[in-house]
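The structure under discussion appears below in the form of structure tokens.
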Protein chains: 2
Amino acid sequence: MGETPKHTLSSESLGGLRLTKQRQVVYEVLVDEKRDHPTASEVFERAKDKMPSISLATVYNCLETLTQVGAIKQVNLDREASRYCPNLNPHAHFYCTECDGVVDIQLAPEHCAESPWALPAGTQLKEIDVTMKGVCPDCQANSKQN
Amino acid sequence: MGETPKHTLSSESLGGLRLTKQRQVVYEVLVDEKRDHPTASEVFERAKDKMPSISLATVYNCLETLTQVGAIKQVNLDREASRYCPNLNPHAHFYCTECDGVVDIQLAPEHCAESPWALPAGTQLKEIDVTMKGVCPDCQANSKQN
DNA sequence: CTAGGTGCAAAAGGTTTGCGGTTAA
DNA sequence: TTAACCGCAAACCTTTTGCACCTAG
């Protein structure tokens, strides 16, 4: 809530890497639009609206770079194409198996920092990844009225 | 613990599908050996010891079938090759970023049935997938003595 | 000016599929 | 006997890479 939005890229936020038009466009797609966790191909389609000359390989490169510098997060669901999101707060993902939609689920504060599960002694924990699957409210409503 | 092992395949445990030699071999590899969450290629290598004529495509098909009937679980970590495990109890996975090893983490009973996180009202939850990443005790010990 | 980034096309890696021959029930 | 399954090879999809050209700093 009290976070600084600052959804703007700069050479410093990129860790000294170049602020190119392509990187800006890719980042804008992620923060400006529906924030629906698009895949690389979807980012590519939307990016072409802003910059018709951009290539898919560059979109992949930019997404990789932005992930590396911590500006965005890569979200992997099973073997499907990776999706990308600009929400840097610790959060889980809910995946609707009907509409393929993905939404962020805010984690309770006590689950952000450490694992609520018993890890072997001496384990160094870096990251917890939580994905939930099911049917979203909209799809449930739709399936009932058929 | 108090579970029924019965790590044997039958036509009924396959939901009426055929009990073929290939399916048995693939399943045996998963339950007999190190239980180290092998990939399809690794299952293929080990399966060839028991049945030299088996093909990789068949291993993929068998793993798919066994997953479908609920005899094994597919474990996906990022974009790497899928791994497979015969542990049907609800559990999380810990992935060591040093040695690529994967171990099962038993979930606390209160986290097995429902999400400890707030989902939108009307959401039907089917499955929670928890993956932790970090460095396992062994790899931490090894990296200290260099 | 020049190291780093882009665009293209080709390749890689994992997985799936079509098809003719084989086999469990 | 015969529908289901296997083995092979080719296709598929997502992602990565090599290389010549381009551009931000």
Side-chain angles (χ1 to χ4, degrees), chain A residues 8-29 37-48 50-69 71-84 100 102, chain B residues 8-29 37-48 50-69 71-84 100 102:
Chain A
T8 316
L9 238 39
S10 65
S11 186
E12 30 187 341
S13 72
L14 284 167
L17 298 179
R18 284 192 194 162
L19 178 59
T20 64
K21 175 76 175 161
Q22 289 85 347
R23 285 172 179 168
Q24 289 182 68
V25 165
V26 166
Y27 187 66
E28 277 170 21
V29 165
H37 303 79
T39 63
S41 301
E42 287 164 347
V43 171
F44 177 49
E45 288 308 318
R46 299 179 195 174
K48 277 195 292 192
K50 296 168 182 261
M51 187 185 190
S53 67
I54 201 170
S55 75
L56 178 57
T58 295
V59 168
Y60 271 105
N61 287 335
C62 291
L63 289 170
E64 162 75 11
T65 303
L66 292 173
T67 302
Q68 293 296 338
V69 302
I72 63 174
K73 278 186 176 175
Q74 187 185 53
V75 181
N76 294 303
L77 293 117
D78 295 342
R79 302 244 90 236
E80 293 182 3
S82 295
R83 296 157 180 252
Y84 298 85
D100 287 341
V102 174
Chain B
T8 316
L9 239 39
S10 66
S11 187
E12 30 187 341
S13 71
L14 284 167
L17 298 179
R18 284 192 196 164
L19 178 59
T20 64
K21 174 75 175 162
Q22 289 85 346
R23 284 172 180 167
Q24 289 182 68
V25 165
V26 166
Y27 188 65
E28 278 170 22
V29 164
H37 302 80
T39 63
S41 302
E42 288 164 347
V43 171
F44 177 48
E45 290 307 319
R46 298 177 195 177
K48 278 196 290 191
K50 297 168 182 262
M51 187 185 190
S53 66
I54 201 170
S55 77
L56 179 57
T58 295
V59 168
Y60 271 106
N61 287 335
C62 291
L63 289 170
E64 162 75 12
T65 303
L66 292 174
T67 302
Q68 293 295 340
V69 302
I72 63 173
K73 278 186 175 175
Q74 188 185 53
V75 181
N76 294 302
L77 293 118
D78 295 341
R79 303 244 90 234
E80 294 182 4
S82 293
R83 296 159 180 250
Y84 298 86
D100 286 340
V102 174

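So you know, we letter chains A, B, ... as the sequences are listed, proteins then strands, and number each from 1. Because only heavy atoms are used, hydrogens play no part in the values below, and waters and symmetry mates are left out as well, while side chains stay in.
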Within less than 4.0 Å of OP1 or OP2 of D:dG7, is there a side-chain N or O belonging to B:S55? yes
Report the distance from atom [atom1] of [X] to atom [atom2] of [N], rounded to the nearest whole Å.
X	N	atom1	atom2	result
B:E42	C:dG14	CD	C1'	13 Å
A:Q24	D:dA24	CD	C1'	11 Å
A:F44	D:dT16	CZ	C1'	16 Å
B:L14	D:dC6	CG	P	10 Å
A:L63	C:dG7	CG	P	13 Å
A:E80	D:dT15	CD	C1'	16 Å
A:L77	D:dT14	CG	P	14 Å
A:Q74	D:dT14	CD	C1'	11 Å

Would you call [X] and [Y] a side-chain contact if the rule is heavy atoms closer than 4.5 Å?
X	Y	result
B:D100	B:L77	no
B:E64	B:Y60	no
B:T58	B:V26	no
A:Q68	A:L17	no
A:E42	A:R83	no
A:L66	A:L14	yes
A:N76	B:N76	no

Nearest-neighbour nucleotide for the B:Q22 side chain, D:dG7, D:dT15, C:dT6 considered: D:dG7
Closest to the A:R79 side chain: C:dG14, D:dC6, D:dT15? C:dG14
Which part of the nucleic acid does [X] contact within heavy-atom distance under 4.0 Å: base, sugar-phosphate only, or nothing?
X	value
A:S82	sugar-phosphate
B:S41	nothing
B:T39	nothing

Protein proximity profile, nucleotides 16-25 of chain C - base contact B, sugar-phosphate-only contact S, no contact -, cut-off 4.0 Å on heavy atoms: BB-----BBS
Residue set satisfying salt bridge (Lys or Arg N to Asp or Glu O under 4.0 Å) with B:E28, at least two apart, ordered chain then number -> B:K50
Kindly give the heavy-atom pair with the smallest separation between A:L56 and A:S41, and that separation in Å. CD1-CA, 4.4 Å
Please round to 10 degrees the angle between the axis of the first five pairs and the axis of the last five pairs in the helix from C:dC1-D:dG25 to C:dA25-D:dT1. 40°
